[in-house]
Enquirer: 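Following this message is one structure expressed as structure tokens.
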Amino acid sequence: MTQESRSAGGDARIRKHSGWLVPLILLALIGVFCALVLLYYLVPNPNSLAEEHTSPSAGMYRVQLRVGNLSLSTPANYLPYASERSGGPRRDVALYAELPGFHGFTDSTAEDFVSNSPKSRVIHILITRETFDVAESARLKRIYLDEVVDRHGHAGSAGLVEYVFRNDSGYRGDDLFVGRVGSSDVVMRCTQPGPDVPSPNCIREVQYAQGILLSYRFKRSQLMEWRKIADGVERLVDAFVVHPKSG
């Protein structure tokens with residue numbers, strides 16, 4: 001066999017191997033990527049609050065936390081979970097405070113903070129990363145108003161407009177309340193009271209910053225205080241935010 005024929009045969013084998021080698025590498029990379037995605041979503045995360053039980057502290061020392069690009073310096077007695085008080089970056093941060101002064105947990109108010117009474121005055125706050133940012137007013141128009149019986153609603157107490165969700169809506173069992181603060185909507189969903197829901201809650205979700213969702217819940221019995229709650233939650237979170245130093 002001549003040198004030329006051996007060379008030609010080698011080139012043919014190389015081309016033959018390279019034809020299936022590249023797809024094989026791509027398949028392997030796709031497999032690794034899928035495995036990483038599954039691990040991210042399925043493996044328990046030590047920074048997740050989903051499975052953790054509350055463990056209040058009356059400590060007043062500051063805890064440095066970060067959610068996305070948002071840095072927080074929070075007194076320990078506003079943090080209901082022990083893992084949060086270790087500080088550092090997290091997927092989300094839970095806070096709680098009690099009306100009317102938005103004070104954190106103390107030994108003298110311990111019973112209030114652990115109670116699930118329908119008259120409870122404790123506000124539960126969650127700050128979390130959210131890549132799908134939809135403004136509150138847009139969520140009202142694009143999502144909620146398509147699910148109600150009457151898009152005009154009717155006037156309720158304390159300057160609120162009340163809407164009733166349709167029976168075929170995914171939000172059935174809730175009522176929708178909308179207030180206005182300046183030019184901004186305040187949109188709250190409140191669970192309807194009933195035999196199976198003796199202590200109903202209201203919840204509001206608002207885009208706090210780029211990529212950051214702020215939600216808070218409170219007892220429906222406190223709905224008439226919605227303005228005070230909205231203002232107090234914003235002031236409280238603002239007080240804990242650490243702003244970068246200029247210069």
Enquirer: I'd like to check Arg217 versus Cys202 (side-chain heavy atoms, cut-off strictly below 4.5 Å). Are they in contact?
Expert: no

Enquirer: Where do Pro118 and Lys219 come nearest, in terms of heavy atoms and distance?
Expert: O-CB, 3.5 Å

Enquirer: With distance as the sole criterion, is a donor-acceptor pair present between the side chains of Ser115 and Ser117 under 3.5 Å?
Expert: no

Enquirer: Using 0.5 Å steps for rounding, measure from the CG atom of Leu95 to the CG atom of Leu72.
Expert: 7.5 Å

Enquirer: Taking Asp185 as the fixed residue, which of Arg139, Arg180, Arg204 is the one that meets the salt bridge (Lys or Arg N to Asp or Glu O under 4.0 Å) rule?
Expert: Arg180

Enquirer: Does Ser83 form a side-chain hydrogen bond (donor to acceptor under 3.5 Å, both in side chains) with Glu52? I'd like the steps, not just the answer.
Expert: CA-CA 8 Å; Ser83 67; Glu52 189 175 354; 2.6 Å; yes

Enquirer: Nearest 0.5 Å please: distance from the CG atom of Asp196 over to the OG1 atom of Thr191.
Expert: 12.0 Å

Enquirer: Does His124 reach the side chain of Phe218, with side-chain heavy atoms less than 4.5 Å apart?
Expert: no

Enquirer: Under the criterion side chain to side chain contact (heavy atoms under 4.5 Å, CB included), I'd like the reasoning laid out for Glu84 against Arg90: C-alpha separation, chi angles, the key distance, then a yes or no.
Expert: CA-CA 8 Å; Glu84 294 184 304; Arg90 303 187 61 85; 4.0 Å; yes

Enquirer: Do side-chain atoms of Arg151 reach the backbone of Leu145 as a donor and acceptor pair under 3.5 angstrom?
Expert: yes

Enquirer: With a 4.5 Å heavy-atom cut-off, do Val148 and Val164 have their side chains touching?
Expert: no

Enquirer: Look at Asp175 together with Arg220 and state whether they make a salt bridge at an N to O cut-off of under 4.0 Å.
Expert: yes

Enquirer: What's the shortest heavy-atom distance between Leu223 and Cys190, and which atoms?
Expert: CD1-SG, 4.0 Å

Enquirer: Does the side chain of Val93 reach to within under 4.5 Å of the side chain of Leu79, using non-hydrogen atoms?
Expert: yes

Enquirer: Do Val63 and Val241 belong together in a cluster built from hydrophobic side chains that touch within less than 4.5 Å?
Expert: yes

Enquirer: Above 12 or not: heavy atoms from other molecules or residues under 6.0 Å from CZ of Arg66?
Expert: no

Enquirer: Are any of the side-chain heavy atoms of Tyr96 and Pro56 separated by less than 4.5 Å?
Expert: yes

Enquirer: Taking all non-hydrogen atoms of both residues into account, name the closest pair between Ala239 and Arg62 and its distance.
Expert: O-NH1, 4.5 Å

Enquirer: Find the distance between CG (Leu213) and CD1 (Ile127) and round it off to the nearest 0.5 Å.
Expert: 10.0 Å

Enquirer: Mind checking whether Val206 and Leu160 sit in one hydrophobic cluster, side chains of I, L, V, M, F, W, Y counted as touching below 4.5 Å?
Expert: yes

Enquirer: How long is the span from the OH atom in Tyr81 to the OG atom in Ser55, to the nearest 0.5 Å?
Expert: 11.0 Å

Enquirer: For Tyr163 versus Asp150, what's the shortest heavy-atom pair and its separation?
Expert: CD2-O, 3.4 Å

Enquirer: Quick one: does Ser199's side chain get under 4.5 Å of Asn116's, heavy atoms only?
Expert: yes

Enquirer: Treating Ile, Leu, Val, Met, Phe, Trp and Tyr as nodes and any side-chain heavy-atom pair under 4.5 angstrom as an edge, say whether Val186 and Ile203 lie in one connected cluster.
Expert: no

Enquirer: Run Gln222 and Arg121 through side chain to side chain contact (heavy atoms under 4.5 Å, CB included) and show every step you take.
Expert: CA-CA 7 Å; Gln222 308 300 331; Arg121 297 180 68 83; 3.1 Å; yes

Enquirer: What's the verdict on side chain to side chain contact (heavy atoms under 4.5 Å, CB included) for Val161 and Phe177, showing C-alpha distance, side-chain angles and the deciding distance?
Expert: CA-CA 6 Å; Val161 178; Phe177 295 91; over 6 Å; no

Enquirer: Quick one: do Glu205 and Ser215 satisfy side-chain hydrogen bond (donor to acceptor under 3.5 Å, both in side chains)? Show the steps, please.
Expert: CA-CA 4 Å; Glu205 298 174 322; Ser215 62; 5.3 Å; no

Enquirer: Find out whether Glu98 and Thr109 are in side-chain contact, i.e. whether some heavy atom of one side chain is under 4.5 Å from a heavy atom of the other.
Expert: yes

Enquirer: With side chain to side chain contact (heavy atoms under 4.5 Å, CB included) as the criterion, how do Leu176 and Val187 come out once you've worked through the C-alpha distance, each side chain's angles and the decisive distance to 0.1 Å?
Expert: CA-CA 7 Å; Leu176 181 67; Val187 183; 3.7 Å; yes

Enquirer: So if you build clusters from Ile, Leu, Val, Met, Phe, Trp, Tyr with side-chain heavy-atom gaps below 4.5 Å, do Phe105 and Leu236 land together?
Expert: no

Enquirer: Any Lys/Arg nitrogen of Arg227 or Asp231 sitting under 4.0 Å from an Asp/Glu carboxylate oxygen of the other?
Expert: no

Enquirer: Can you give me the closest heavy-atom contact between Val134 and Gln207, atom names plus distance?
Expert: C-OE1, 4.2 Å

Enquirer: Taking the side chain as every heavy atom from C-beta outward, state whether Phe165 and Val149 have any atom pair closer than 4.5 Å.
Expert: no

Enquirer: Tell me whether Arg166 at atom CZ has more than 12 heavy atoms from other residues, nucleotides or ligands lying less than 6.0 Å away.
Expert: yes

Enquirer: Would Phe240 and Tyr78 count as a close aromatic pair, with their ring centres under 6.0 Å?
Expert: yes

Enquirer: Taking atom NE2 as the centre, does His152 end up with more than 12 heavy-atom neighbours from other residues, nucleotides or ligands that are less than 6.0 angstrom away?
Expert: no

Enquirer: Is it true that Val181 and Met224 fall in one hydrophobic cluster, defined by side-chain heavy atoms closer than 4.5 Å?
Expert: yes

Enquirer: Taking atom CG of Asp168 as the centre, report whether more than 12 heavy atoms of other residues, nucleotides or ligands fall under 6.0 Å from it.
Expert: yes

Enquirer: As an exercise, state the distance from CD1 of Ile229 to CD1 of Ile125, rounded to the nearest 0.5 Å.
Expert: 10.0 Å

Enquirer: Please find the pair of heavy atoms, one from Gly159 and one from Trp226, that lie closest to each other, and give the distance.
Expert: O-CZ2, 4.4 Å

Enquirer: Measure the spacing between CZ of Arg85 and CG of Leu65 and express it to the nearest 0.5 Å.
Expert: 11.0 Å

Enquirer: Verify side-chain hydrogen bond (donor to acceptor under 3.5 Å, both in side chains) between Tyr144 and Arg189, making sure each step is shown before the conclusion.
Expert: CA-CA 10 Å; Tyr144 295 142; Arg189 296 195 328 269; 2.9 Å; yes

